[in-house]
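No hydrogens, no waters, no symmetry mates; every other heavy atom, side chains included, goes into these values. Order of appearance sets the numbers: ligands from 1, and atoms from 1 within every ligand.
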Amino acid sequence: SKGGIKMSDCLFCKIIDGSIPSLKVYEDEHVYAFMDIMPLTKGHTLLIPKTHCQDLFEMPEEVAANLYKVAPKIANAIKEAFNPIGMNTVNNNGAAAGQSVFHYHLHFIPRYDETDGLKVEWNSRQAEFPTEVIQSIAASIQENLK
Ligand code: 5GP
Ligand code: ZN
């Protein structure tokens, strides 16, 4: 048991062990990549670690390294297949951030035009963060990286 749930109750652990079917596109010792069942765009793919971790916060460095190592391979395979004009990789951590399956996953969402399935809105609030505020924020993060 990890991340507060039994792995036997985890949807994506079941996809890895084959007890729930999926459309696999890639697999190695450490990771599994498959088609999202409700794709936003043509080629929407998910990449997951075989080791259960709930989200980025609880992902061991080695699991992260093994996962991101294949990210360019997956991205380029989708690019070769469908010739998108761009691609978003998205990882939601926590329900408030839109996570609905609590086994870490990296979305690959190829982009085709303004009317495809993904709308990303950046509402910058630059006025609330003058330079000295950003400096203090940076210091807080840095402190926790020691
Ligand atoms: P999240 O919202 O947690 O970032 O993304 C979860 C993703 O998993 C969603 O895009 C959803 O469509 C996908 N998903 C949920 N259940 C299944 C399933 O049983 N099979 C597959 N292939 N994808 C799933
Ligand atoms: Zn899992």
Side-chain angles (χ1 to χ4, degrees), residues 1-129 133-134 137-138 140-146:
S1 174
K2 264 184 173 177
I5 58 155
K6 278 186 298 174
M7 285 155 71
S8 56
D9 291 335
C10 172
L11 175 64
F12 285 175
C13 283
K14 287 178 179 165
I15 281 178
I16 292 162
D17 76 20
S19 60
I20 287 178
S22 65
L23 293 170
K24 175 172 90 175
V25 296
Y26 179 82
E27 180 177 18
D28 65 25
E29 193 186 344
H30 304 289
V31 303
Y32 189 88
F34 59 107
M35 303 315 295
D36 194 295
I37 204 168
M38 292 174 64
L40 299 184
T41 66
K42 183 175 63 184
H44 184 173
T45 300
L46 300 174
L47 175 64
I48 63 179
K50 286 188 171 176
T51 306
H52 179 87
C53 12
Q54 179 170 317
D55 53 31
L56 188 62
F57 301 115
E58 71 163 42
M59 181 179 281
E61 281 184 18
E62 194 181 290
V63 173
N66 287 328
L67 185 116
Y68 217 78
K69 188 179 173 184
V70 306
K73 212 195 295 282
I74 305 291
N76 280 301
I78 297 167
K79 187 181 173 196
E80 290 302 311
F82 302 120
N83 200 218
I85 57 174
M87 187 175 298
N88 292 89
T89 54
V90 180
N91 155 51
N92 303 322
N93 299 287
Q99 187 175 10
S100 61
V101 177
F102 294 91
H103 178 130
Y104 175 98
H105 47 283
L106 184 61
H107 294 262
F108 293 78
I109 307 169
R111 303 303 303 273
Y112 301 96
D113 59 53
E114 301 289 307
T115 65
D116 63 21
L118 182 63
K119 184 123 184 120
V120 184
E121 215 180 38
W122 295 73
N123 296 315
S124 180
R125 294 182 288 125
Q126 191 178 17
E128 293 170 45
F129 301 102
V133 172
I134 300 178
I137 290 167
S140 299
I141 297 169
Q142 237 182 344
E143 189 57 37
N144 286 289
L145 281 164
K146 277 176 185 161

task = Locate the shortest heavy-atom distance separating Ile15 from Pro21; write the atom from each residue and the value.
result = CG1-O, 4.4 Å
remark   = for atom 3 (O) of ligand 1, nearest protein heavy atom and its distance come out as Ser100 N, 2.6 Å
inquiry  = Under 3.5 Å between any N/O of Leu11 and any N/O of ligand 1: does that happen in this structure?
reply    = no
message = Given 3.5 Å as the limit, does a donor-acceptor pair link the side chain of Gln99 with the main chain of Ala95, or not?
response = no
ask   = Considering Ile37, Val90, Leu40, which one's heavy-atom position lies nearest to atom 14 (N) of ligand 1?
value = Ile37
ask   = Which is it for Leu47 and Val31 under the side chain to side chain contact (heavy atoms under 4.5 Å, CB included) test, yes or no, and what are the steps along the way?
value = CA-CA 7 Å; Leu47 175 64; Val31 303; 3.9 Å; yes
inquiry  = So, regarding Gly98 and ligand 1 (criterion: nitrogen or oxygen to nitrogen or oxygen, under 3.5 Å), is there a contact or not?
reply    = yes
task = Taking only Lys NZ, Arg NE, NH1 and NH2, and the carboxylate oxygens of Asp or Glu, determine whether Lys50 and Glu27 approach each other closer than 4.0 Å.
result = yes
query = Got a donor-acceptor contact below 3.5 angstrom from the Arg111 side chain to the Leu118 backbone?
reply = yes
query = Distance-only, no hydrogens or angles: does the Thr45 side chain make a donor-acceptor pair with backbone N or O of Phe108 under 3.5 Å?
reply = no
ask   = Is it the side chain (CB and beyond), the backbone, both or neither of Phe12 that lies under 4.0 Å from ligand 1, heavy atoms counted?
value = side chain
inquiry  = Need the ligand 1 atom indices (1-based, order shown) with element for anything under 4.0 Å from a heavy-atom of Met38.
reply    = 12 (O)
request  = Could you check whether the rings of Tyr32 and Phe34 sit parallel, tilted or perpendicular, using 30° and 60° as the cut-offs?
outcome  = tilted
message = On a heavy-atom basis, I'd like to know which of Ile15, Val101, Asp55, Asp36 is closest to atom 7 (C) of ligand 1.
response = Asp36
query = Relative to the heavy atoms of His107, which atoms of ligand 1 are at a distance of less than 4.0 Å?
reply = 1 (P), 4 (O), 5 (O), 7 (C), 10 (O)
message = Is the distance between the ring centroids of His103 and His105 under 6.0 Å?
response = no
message = Donor-acceptor pair, distance only, cut-off 3.5 Å: does the side chain of Asn144 make one with the backbone of Ser140?
response = yes
remark   = Between Cys13 and His52, the two heavy atoms sitting closest are SG-ND1, 3.5 Å
query = Which ligand 1 atoms are under 4.0 Å away from a heavy-atom of Leu46?
reply = 8 (O)
inquiry  = Is the contact between Leu23 and ligand 1 made by the side chain, the backbone, both, or neither, using heavy atoms and a 4.0 Å cut-off?
reply    = neither
Atoms in ligand 1 flagged as close to Gln99, the criterion being non-hydrogen separation under 4.0 Å = 3 (O)
ask   = What protein heavy atom is closest to atom 1 (P) of ligand 1, reported as residue, atom name and distance in Å?
value = His105 NE2, 3.1 Å
inquiry  = For the metal site, I want the angle between atom SG of Cys10 and atom ND1 of His52 with the Zn ion (ligand 2) at the apex, to 10°.
reply    = 110°
task = Just to the nearest 10 degrees, tell me the angle at the Zn ion (ligand 2) spanned by His103 ND1 and Cys13 SG.
result = 110°
key: Minimal non-hydrogen separation, Ile74 against Tyr26, with atom names   = CD1-CB, 3.9 Å
remark   = Under 4.0 Å from one or more heavy atoms of Phe34, ligand 1 contributes atoms 21 (C), 22 (N)
remark   = atom 22 (N) of ligand 1 sits nearest the protein heavy atom Met35 O, 2.9 Å
ask   = So is His44 polar-close to ligand 1, meaning N/O to N/O under 3.5 Å?
value = no
